[in-house]
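Just below is one structure, and these are the notes that go with it.
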Amino acid sequence: MLTLKQLVAWLNDMEKIIFDVSVSIVNLNRMANPENASEKSILQDRFFTHFFHQLRFTLIIQLCKLYVNKDTERRNFRKLFNRLKNEPYDNRLKSRLKGNRDREDLVARKAEITALVKRLLIELESEAEVIHKIKSLRDRIYAHSDPGRNLPEVTDEELERLVGLAVEMYNEVRGKMFDTGFHLDEDRGWKVDHVIEALAFSKKH
């Protein structure tokens with residue numbers, strides 16, 4: 001049985017991972033696209049090269065937690081969708097959903113949640129090839145296996161698509177069930193822009 005407490009804890013854990021990958025892809029894209037020659041020169045420093053690789057490492061490891069359906073990945077989307085679709089709900093969760101019945105933009109019945117999950121599974125399947133690639137990279141490079149040869153290549157654009165899909169699916173579930181979702185605060189101090197801009201300014205002066 002899926003309880004309200006379990007579902008909220010699951011979504012809270014997922015939100016932490018989604019924050020991590022969202023921050024990482026924003027900073028990775030910023031470093032991949034310097035705005036001028038001064039920034040380009042700064043970003044060639046070995047520190048930033050290392051940081052860039054660490055961002056990709058974070059993205060692959062954390063995205064695997066969300067997308068790879070294995071027993072060791074406790075909070076992946078497939079497990080969540082399976083429980084939402086196939087398990088009975090406890091009375092607290094039923095009562096919480098019942099409160100959505102006066103809102104057309106929210107889901108209030110299990111049949112509506114099942115339909116939502118089926119639609120999201122189609123979107124998830126559309127990225128099966130990229131998900132397989134990040135799993136291979138995690139298992140063969142970032143875990144303890146011998147990397148060997150013929151490793152798949154994952155582009156920054158593919159990683160960004162997976163991040164975007166994770167945000168979309170999370171917001172669809174939490175948003176339609178609990179009328180809240182994930183939003184990345186652009187004013188937070190986690191952005192690498194501040195460091196790059198400060199170094200570029202210092203170099204000019």
Side-chain angles (χ1 to χ4, degrees), residues 7-68 72-80 120 123-124 127 130-131 133-139 141-143 153-205:
L7 180 58
V8 170
W10 194 310
L11 293 170
N12 286 343
D13 287 347
M14 288 186 108
E15 184 165 358
K16 293 171 187 174
I17 299 171
I18 290 171
F19 174 81
D20 205 11
V21 296
S22 296
V23 167
S24 296
I25 198 65
V26 167
N27 284 333
L28 185 134
N29 284 337
R30 178 66 176 87
M31 292 172 63
N33 298 284
E35 295 181 356
N36 51 53
S38 180
E39 287 190 0
K40 185 175 181 180
S41 175
I42 289 165
L43 288 167
Q44 290 174 348
D45 187 272
R46 283 180 292 180
F47 167 81
F48 286 108
T49 301
H50 175 70
F51 184 45
F52 188 87
H53 288 298
Q54 287 297 108
L55 290 172
R56 285 183 61 91
F57 170 86
T58 298
L59 282 161
I60 289 169
I61 294 296
Q62 296 291 68
L63 286 170
C64 281
K65 291 179 183 178
L66 295 174
Y67 286 113
V68 176
T72 53
E73 308 297 357
R74 295 176 53 247
R75 295 306 200 199
N76 68 73
F77 279 111
R78 285 189 181 276
K79 279 191 174 69
L80 174 62
L120 294 177
E123 295 191 45
L124 185 57
E127 294 294 350
V130 182
I131 292 168
K133 288 197 288 186
I134 64 169
K135 179 184 181 301
S136 295
L137 288 172
R138 186 211 45 194
D139 293 346
I141 292 182
Y142 300 128
E153 291 186 6
V154 177
T155 67
D156 297 346
E157 291 76 16
E158 288 173 325
L159 293 174
E160 186 169 17
R161 281 210 317 269
L162 289 186
V163 173
L165 179 59
V167 172
E168 177 194 343
M169 294 195 300
Y170 177 86
N171 283 342
E172 281 286 287
V173 172
R174 190 157 210 164
K176 290 189 179 298
M177 294 182 74
F178 298 103
D179 197 22
T180 186
F182 173 80
H183 175 71
L184 190 63
D185 184 354
E186 295 292 341
D187 295 327
R188 294 282 290 271
W190 43 258
K191 295 170 74 174
V192 75
D193 297 63
H194 310 302
V195 177
I196 295 172
E197 290 166 4
L199 289 172
F201 178 83
S202 175
K203 189 171 185 178
K204 289 178 181 178
H205 298 80

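Remember, predicted model here, so these are calculated numbers, not experimental data. All heavy atoms count here, side chains included; hydrogens, waters and symmetry mates do not. This chain uses plain numbering: 1 for the first residue, then up along the sequence.
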Legend entry - Under 3.5 Å: donor-acceptor pair, side chain of R56, backbone of V154: yes
Legend entry - Heavy-atom pair with the smallest gap, counting every atom of I25 and D156: CD1-O, 4.1 Å
Legend entry - L162 and I131, any side-chain heavy atoms less than 4.5 Å apart: yes
Inset, instruction - Nearest 0.5 Å please: distance from the CG atom of L43 over to the CZ atom of F51. - result: 10.5 Å
Inset, instruction - Output all residues satisfying ring-ring contact (aromatic ring centres under 6.0 Å, His included) with F48, sequence neighbours left out; order by chain, then residue number. - result: none
Inset, instruction - Please work out whether the ring planes of F77 and Y67 are parallel, tilted or perpendicular, with thresholds of 30° and 60°. - result: tilted
Legend entry - E35: salt bridge (Lys or Arg N to Asp or Glu O under 4.0 Å) partners, not counting sequence neighbours: R30
Inset, instruction - Carefully, step by step, assess L11 and M177 under the rule side-chain contact (heavy atoms from CB on, under 4.5 Å). - result: CA-CA 11 Å; L11 293 170; M177 294 182 74; 5.9 Å; no
Inset, instruction - Name all residues meeting the salt bridge (Lys or Arg N to Asp or Glu O under 4.0 Å) criterion together with R174; count only those two or more places apart in sequence or in a different chain, and write none if there are none. - result: E15
Legend entry - Under 3.5 Å donor-acceptor, N171 side chain and G181 backbone: no
Inset, instruction - Tell me, please, which residues at least two apart from N29 pass side chain to side chain donor-acceptor pair (under 3.5 Å). - result: E160
Inset, instruction - For V21 and L59, work out which heavy atoms get closest and say how close. - result: O-CD2, 3.5 Å
Inset, instruction - Check whether any side-chain heavy atom of D45 lies under 4.5 Å from a side-chain heavy atom of L199, and answer yes or no. - result: no
Inset, instruction - Kindly compute the distance separating CG (L165) from CG (L63), expressed to the nearest 0.5 Å. - result: 10.0 Å
Inset, instruction - Answer whether the closest heavy-atom distance between the side chains of L7 and L80 falls below 4.5 Å. - result: yes
Inset, instruction - Answer yes or no: is there a donor N or O on one side and an acceptor on the other, between the side chain of S41 and the main chain of A37, under 3.5 Å? - result: no
Legend entry - Straight-line distance of E127 CD to I134 CD1, nearest 0.5 Å: 10.0 Å
Inset, instruction - Of all the heavy-atom pairs spanning I18 and A166, show the shortest one and how long it is. - result: CD1-O, 3.8 Å
Legend entry - side-chain contact (heavy atoms from CB on, under 4.5 Å) partners for R75, two or more places apart: A9, W10, D13, M14
Legend entry - Set of side-chain contact (heavy atoms from CB on, under 4.5 Å) partners for I17, sequence neighbours left out: Q62, K65, L66
Legend entry - Separation of Q44 CD from K40 NZ (nearest 0.5 Å): 6.5 Å
Inset, instruction - Grab the two heavy atoms, one from S24 and one from T58, that are nearest each other, plus how far apart they are. - result: OG-CG2, 3.5 Å
Inset, instruction - Measure from the side-chain N and O atoms of K133 to the backbone N and O of E153, and report whether any donor-acceptor pair falls under 3.5 Å. - result: yes
Legend entry - Distance in Å, L137 CG paired with C64 SG, rounded so as to fall on 0.5 Å steps: 8.0 Å
Legend entry - Gap between atom NE2 of H50 and atom CZ of F57 - 0.5 Å precision: 10.5 Å
